[in-house]
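Keep in mind that what you see is a predicted model, and the values were worked out from it rather than measured.
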Amino acid sequence: MPRRATLTYSSEDAPAVGESKVYVYYCKYSGQHTLTTNCNLNKAPRRRTDGARVIDTKIYTAKLYTIDGGSKLIKRQSGSIEKQYRYNIGKLPVAYRTDPDGRLLYILEGAITSYSSQDPAQGASPPVPPCILPLDKDTTQVSLEIDDRADKPSIIKISADHVRIEIAGAITAPETNEEILEFMRALLTVRLSQMSLIRGESTRHKLLMIQKIKPADVYQKLQKALKQ
């Protein structure tokens, strides 16, 4: 099993981190919390070789919530060989360093997405958490975490990583997917034909695909159900 690493890089010279200057980033594909930093990655320089964003940890504070991804040799177009020390979310690399003790942390292009720690402005729609992702213009993906053997199906919690629900049946029962789809159909007021389920990282994690509905609409309906 890969070793989990929560890594903090800081410096006495780093700028003060006020609440408004903290940026929270999540894995673009799993929605898992990946990085908290006072560096705005949209303004961070890019590495010329692969487009990775560069965080200078002598200037900025960066806290990773990743596992050790091991090392990998990369052959660049120039013919040179580069050794990368990688940080993963599951099996997916999201960041690396070229020196295990170096000051530069590279965030792979397209690996993470931002979710501001600031409260939304008054009257503005709250940001959609990364567990609810657009796959394309017509499809939304929802990462589900499932508890079983409850009195009745219900929604428990919406986090960055998962929408947590509970079902009445056993998680291993043949009719489990049918129960989940029927429950989510009622919450989201969509047709069964618009939805499909695939297995996630474990039996208790599934990915719900919904056609013809936007992530913001999914989030709004789930929030409403959570408050009931």
Side-chain angles (χ1 to χ4, degrees), residues 1-72 74 82-120 126-135 141-143 145 157-164 200-201 205 207 215 219:
M1 179 179 293
R3 179 171 55 86
R4 182 173 180 83
T6 302
L7 306 174
T8 305
Y9 304 99
S10 61
S11 169
E12 293 180 353
D13 299 325
V17 183
E19 185 175 345
S20 63
K21 294 183 180 180
V22 174
Y23 300 89
V24 182
Y25 295 92
Y26 300 86
C27 174
K28 189 173 182 180
Y29 299 96
S30 71
Q32 185 172 330
H33 184 193
T34 302
L35 170 69
T36 300
T37 180
N38 60 334
C39 176
N40 183 348
L41 289 184
N42 288 331
K43 298 181 180 180
R46 290 185 181 271
R47 195 177 184 205
R48 187 173 301 176
T49 53
D50 59 4
R53 296 287 186 174
V54 185
I55 300 178
D56 187 336
T57 59
K58 293 293 185 182
I59 299 175
Y60 297 100
T61 298
K63 186 171 184 178
L64 284 167
Y65 300 85
T66 55
I67 60 174
D68 183 354
S71 60
K72 187 176 179 65
I74 301 294
E82 175 180 284
K83 189 172 186 178
Q84 295 182 355
Y85 300 87
R86 293 188 164 187
Y87 305 103
N88 286 12
I89 295 293
K91 295 182 179 180
L92 183 71
V94 293
Y96 67 90
R97 296 161 78 195
T98 57
D99 180 338
D101 299 315
R103 62 188 284 177
L104 299 181
L105 177 66
Y106 300 98
I107 308 300
L108 288 167
E109 171 70 9
I112 63 177
T113 183
S114 62
Y115 182 55
S116 174
S117 64
Q118 294 175 289
D119 291 330
V128 178
C131 64
I132 304 171
L133 292 172
L135 289 187
Q141 173 185 289
V142 181
S143 298
E145 184 176 47
K157 181 180 179 182
I158 302 173
S159 68
D161 297 339
H162 301 100
V163 173
R164 188 176 175 187
E201 60 192 38
H205 294 89
L207 297 176
Y219 184 39

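Atom CG of residue Asn38 and atom CD1 of residue Ile59 lie 10.5 Å apart, to the nearest 0.5 angstrom. To the nearest 0.5 Å, atom CZ of residue Arg103 and atom CG of residue Asp56 are 4.0 Å apart. The CD atom of Gln84 lies 8.0 Å from the OG1 atom of Thr98; values are rounded to the nearest 0.5 Å. To the nearest 0.5 angstrom, Tyr87 atom OH is 16.0 Å from Leu92 atom CG.
Here the shortest heavy-atom pairing between Cys131 and Ile158 reads SG-CG2, 4.4 Å. Thr34 approaches Cys27 most closely through the heavy-atom pair OG1-N, 3.0 Å. Across Ile67 and Gly90, no two heavy atoms sit closer than the pair CD1-O, 3.2 Å. Listed here is the closest heavy atom pair of Tyr65 and Leu35: CD1-N, 4.3 Å. Taking both residues in full, the closest heavy atoms of Cys39 and Tyr25 are given as O-OH, 3.6 Å, listed atom of the first, atom of the second, then distance. Closest approach of Arg97 and Asp101 over heavy atoms only: NH2-C, 3.1 Å.
Applying the side-chain hydrogen bond (donor to acceptor under 3.5 Å, both in side chains) test to Arg53 and every residue at least two apart in sequence or in another chain returns nothing. Contacts of Asn40 classified as side-chain hydrogen bond (donor to acceptor under 3.5 Å, both in side chains), with partners at least two apart in sequence or in another chain: none. Shown here are the side chain to side chain contact (heavy atoms under 4.5 Å, CB included) partners of Pro215, two or more places apart in sequence or in another chain: Val128, Ile132, Pro134, Thr140. Residues satisfying the salt bridge (Lys or Arg N to Asp or Glu O under 4.0 Å) criterion with Arg164, sequence neighbours excluded, are Asp147. Among residues two or more places apart in sequence or in another chain, the salt bridge (Lys or Arg N to Asp or Glu O under 4.0 Å) test is passed with Glu82 by Arg47, Arg76.
Ion pairing between a basic and an acidic side chain is recognised when a charged N comes within 4.0 Å of a carboxylate O; Glu109 and Arg46 show such pairing.
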Checking Ile55 against Ile107 for the side-chain contact (heavy atoms from CB on, under 4.5 Å) test, could you report, in this order, the C-alpha distance in whole Å, the side-chain angles of both residues, the deciding distance, and whether it holds?
CA-CA 8 Å; Ile55 300 178; Ile107 308 300; 4.1 Å; yes

Go through it in stages, so that I can follow the logic: the residues are Leu207 and Ser143, the test is side-chain contact (heavy atoms from CB on, under 4.5 Å), and I'd like the CA-CA distance, side-chain angles, deciding distance and then a yes or no. CA-CA 5 Å; Leu207 297 176; Ser143 298; 3.5 Å; yes

Leu105 and Val54: CA distance, side-chain angles, deciding distance, side-chain contact (heavy atoms from CB on, under 4.5 Å) verdict: CA-CA 6 Å; Leu105 177 66; Val54 185; over 6 Å; no

Test side-chain contact (heavy atoms from CB on, under 4.5 Å) on Asn42 and Tyr23; report intermediate values, then the result. CA-CA 11 Å; Asn42 288 331; Tyr23 300 89; over 6 Å; no

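In this structure, Leu41 and Ile112 have side chains that are in contact, with non-hydrogen atoms separated by less than 4.5 Å.
Sorted by first and then second residue, the pairs that involve residues 94-113 and meet ring pair (Phe, Tyr, Trp, His ring centres under 6.0 Å), not counting sequence neighbours, are Tyr96-Tyr106.
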